Amino acid sequence: MSLQVPAGECEHEYVVKKSRFIARLVPVQSREDVNAALARARQDYPDARHHCWAYLLGKPADATSAGMNDDGEPAGTAGKPILHVLQHGHLGNALVIVIRYFGGIKLGAAGLVRAYSAATGQLLETAPSRTLRHWKTFQLQLGFGDEQPVRHFLSTIEGEIDSVDYGEGVKMLLRVAQEHESTLAQFCAAQGIVMNDNTG
């Protein structure tokens with residue numbers, strides 16, 4: 001299983017009727033990460049009127065944990081629209097904070113929902129992402145002549161070798177992404193290589 005997550009923090013500014021909406025995306029893995037990022041945003045923009053936010057952990061459509069806050073905006077006009085865009089997006093383990101500077105013209109409830117949704121949507125469209133993979137560890141027992149073929153094969157599936165021990169044969173400790181486990185098993189079976197699951 002792999003998950004698309006933010007590659008790092010980034011910001012996008014959206015302006016409507018003189019109100020500035022600065023949307024910040026932060027990669028998070030826990031509620032503690034969320035709290036730390038919120039504290040940082042308040043330090044970075046101390047004079048902003050609102051710091052509204054939503055986050056989700058895990059897959060967007062099936063999050064293991066989620067939360068939101070309107071931070072003084074009318075109920076349901078900020079945190080909920082941000083979370084809604086996140087849930088229908090492609091990034092997991094993500095926090096979006098939308099910092100608002102009021103421009104003097106009231107937007108109304110519908111206008112606020114549109115503005116917070118647009119700021120979040122535009123941010124996610126431009127945000128760089130990376131694939132978060134679930135790795136599994138295996139131990140291979142092979143002959144000396146098999147080492148180079150194994151190293152070549154691992155390079156084709158982005159596997160990583162953690163250690164190699166040489167004795168009567170070769171013992172190799174390696175990691176592969178979970179989705180490549182069956183491919184590795186087929187290769188080892190064809191080569192007569194003993195493969196043991198070393199996870200945990």
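What you see is a predicted model, and the numbers here were worked out from it, not measured in a lab.
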> What are the two closest heavy atoms between Arg24 and Leu123, and how far apart are they?
C-CD2, 3.8 Å
> Check the angle between the aromatic planes of Tyr166 and Phe144 and answer parallel, tilted or perpendicular using the 30° and 60° thresholds.
parallel
> Okay, side chain of Ser19, backbone of Gly103: is any donor-acceptor separation there less than 3.5 Å?
yes
> Rounded to the nearest 0.5 Å, what separates atom CG in Asp197 from atom OG1 in Thr137?
8.0 Å
> Taking CD in Glu13 as the centre, count heavy atoms belonging to other residues, nucleotides or ligands within less than 6.0 Å. Is the count above 12?
yes
> Check Ala127 against Leu91 and note the closest heavy-atom contact, atom names and distance.
CB-CD1, 4.4 Å
> Any link between Ile22 and Leu107 through a network of hydrophobic side chains (Ile, Leu, Val, Met, Phe, Trp, Tyr) touching at under 4.5 Å?
no
> What verdict does the side chain to side chain contact (heavy atoms under 4.5 Å, CB included) test give for His12 and Glu125, after you've listed the backbone C-alpha separation in whole Å, the side-chain angles of each residue and the deciding distance to 0.1 Å?
CA-CA 10 Å; His12 174 80; Glu125 278 173 23; over 6 Å; no
> Can you confirm whether Phe138 sits close enough to Asn196 that some side-chain heavy atom of one is under 4.5 Å from a side-chain heavy atom of the other?
no
> Taking the side chain as everything from C-beta on, heavy atoms only, tell me whether Gln141 gets closer than 4.5 Å to Val170.
no
> For atom NE2 of His180, is the number of surrounding heavy atoms from other residues, nucleotides or ligands below 6.0 Å larger than 12?
yes
> With rounding to the nearest 0.5 Å, note down the distance linking CZ in Arg42 to CG in Asp44.
12.0 Å
> Once you round to the nearest 0.5 Å, how far does CG of Leu83 lie from NE2 of His88?
10.0 Å
> Between Tyr116 and Tyr14, is there a shared hydrophobic cluster once you connect ILVMFWY residues whose side-chain heavy atoms come closer than 4.5 Å?
yes
> Minimum heavy-atom separation for Ala115 and Phe21, please, with both atom names.
CB-CZ, 3.6 Å
> Are Leu86 and Leu124 side-chain neighbours, meaning at least one heavy-atom pair lies under 4.5 Å?
yes
> Does atom CD (Glu158) have a neighbourhood of more than 12 heavy atoms from anything else shown, all under 6.0 Å?
no
> How about Arg175 and Glu160: do any of their side-chain heavy atoms sit closer than 4.5 Å?
yes
> Which value, rounded to the nearest 0.5 Å, describes the distance between Ile82 atom CD1 and Thr120 atom OG1?
4.5 Å
> Taking side chain as C-beta onward, heavy atoms only, is Glu9 less than 4.5 Å from Pro27?
yes
> Answer with yes or no whether the hydrophobic clustering places Leu112 together with Trp53; edges join I, L, V, M, F, W, Y residues whose side-chain heavy atoms lie under 4.5 Å apart.
no
> Do Met195 and Ile161 sit in one hydrophobic cluster, given that two such residues count as connected whenever their side-chain heavy atoms are within less than 4.5 Å of each other, even indirectly?
yes
> Between Pro81 and Ala78, which heavy-atom pair has the shortest distance, and what is it?
CD-O, 3.1 Å
> Would you compute the distance between atom CD of Glu11 and atom CG of Leu25 and round it to the nearest 0.5 angstrom?
10.0 Å
> Quick one: CD1 on Ile97 to SG on Cys52, what's the gap to the nearest 0.5 Å?
10.5 Å
> Let me see the working for Val164 and Arg151 under side chain to side chain contact (heavy atoms under 4.5 Å, CB included), right down to the final yes or no.
CA-CA 11 Å; Val164 181; Arg151 285 180 180 274; 3.6 Å; yes
> Could you tell me whether Arg114 atom CZ has more than 12 heavy atoms of other residues or ligands within 6.0 Å of it?
no
> Could you tell me which non-hydrogen atom of Pro60 sits nearest to which non-hydrogen atom of His90, and how far apart they are?
CG-C, 3.9 Å
> Under the side-chain hydrogen bond (donor to acceptor under 3.5 Å, both in side chains) rule, what do Tyr55 and Ser65 come out as? Steps first, then yes or no, please.
CA-CA 8 Å; Tyr55 79 93; Ser65 175; 3.1 Å; yes
> Within a strict 4.5 Å, meaning less than it, do heavy atoms of the Val150 and Gln191 side chains meet?
no
> Does any non-hydrogen side-chain atom of Glu73 lie less than 4.5 Å from one of Val98?
no
> Please check: side-chain N/O of His50 versus main-chain N/O of Asp71, any donor-acceptor pairing under 3.5 Å?
yes
> Between Leu3 and Gly92, which heavy-atom pair has the shortest distance, and what is it?
CD1-CA, 4.2 Å
> Examine Val194 and Leu174 and state if one hydrophobic cluster contains both, with Ile, Leu, Val, Met, Phe, Trp and Tyr joined whenever side-chain heavy atoms are less than 4.5 Å apart.
no
> Hey, does the side chain of Thr64 reach the backbone of Leu57 with a donor-acceptor pair shorter than 3.5 angstrom?
yes
